[in-house]
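Let me begin by presenting the structure, written as structure tokens, before commenting on it.
Note that the numbering runs from 1 along the sequence shown for the chain.
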Amino acid sequence: MKLSIIVPVYKVRRHLQRCIESILQQTYTDYELILVDDGSPDNCGAICDRYAAEDPDIVRVIHQENGGITVARKSGVRVAIGEYITFVDSDDWIDLDCYHSMMTQIEKYRADIGIFER
């Protein structure tokens, strides 16, 4: 596994599906998706569970009490198995070739870290 994508989730029911779908539709495929339900009081936990049930080889879910975004990210990092780790905010989405472009550059230059520009 090359890439672990961690998404902290809290009160984003209206945006969560678009975020997850933008990740699952990536042209780059050597990744795991870790959704961290940070005690979200809306239906986010169930949405995360549905995606994990549909694709258990790629999507994992952590359910925890609300601790904030930093705690949620750290929870994801603790279980990540990828050589590289990246984060996506749960109310955002990413372009189709985002990780393909990033990983191509990382591998080309044998980089330890990659940084996105807007």
If hydrophobic clusters are built from ILVMFWY residues whose side chains come within less than 4.5 Å, do [X] and [Y] share one?
X: Ile34; Y: Ile23; answer: no
X: Leu16; Y: Ile58; answer: yes
X: Tyr28; Y: Trp93; answer: no
X: Leu35; Y: Tyr31; answer: yes
X: Leu33; Y: Ile62; answer: no

Quiz question: by atom type and distance under 3.5 Å, do the side chains of [X] and [Y] form a donor-acceptor pair?
X: Ser75; Y: Arg78; result: yes
X: Gln25; Y: Glu21; result: yes
X: Gln64; Y: Asp38; result: yes
X: His63; Y: Asp49; result: yes

* Checking side-chain contact (heavy atoms from CB on, under 4.5 Å) for the pair Arg60/Val79: CA distance, chi angles, key distance, verdict? -> CA-CA 10 Å; Arg60 293 192 289 159; Val79 302; 4.0 Å; yes
* Can any side-chain N or O of Ser22 pair as donor or acceptor with the backbone N or O of Cys19 at less than 3.5 Å? ->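 Yes: the side chain of Ser22 pairs with the backbone of Cys19.
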Listed pairs under 3.5 Å, donor-acceptor, residues 94-107 side chains, sequence neighbours left out:
unit_1	atom_1	unit_2	atom_2	d
Asp97	OD1	Thr27	OG1	2.7
Ser101	OG	Asp97	O	3.1
Thr104	OG1	His100	O	2.7

* Do you know the tightest heavy-atom contact between Pro56 and Ala53? -> CD-O, 3.6 Å
* Please indicate whether Glu65 has more than 12 foreign heavy atoms, meaning atoms of other residues, nucleotides or ligands, lying under 6.0 Å from its CD. => no
* Rest of the hydrophobic cluster containing Ile113 (Ile/Leu/Val/Met/Phe/Trp/Tyr, side-chain heavy atoms under 4.5 Å)? ->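 Ile113 clusters with nothing; isolated.
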Below 3.5 Å, can you tabulate the donor-acceptor pairs from side chains in residues 2-13 to any protein atom, sequence neighbours excluded?
unit_1	atom_1	unit_2	atom_2	d
Lys2	NZ	Glu83	OE1	3.2
Ser4	OG	Glu32	OE2	2.4
Ser4	OG	Ile81	N	3.4
Ser4	OG	Gly82	N	2.8

* To do: Would you check if Arg50 and Ile47 make a side-chain contact, meaning some heavy-atom pair closer than 4.5 Å?
  => yes
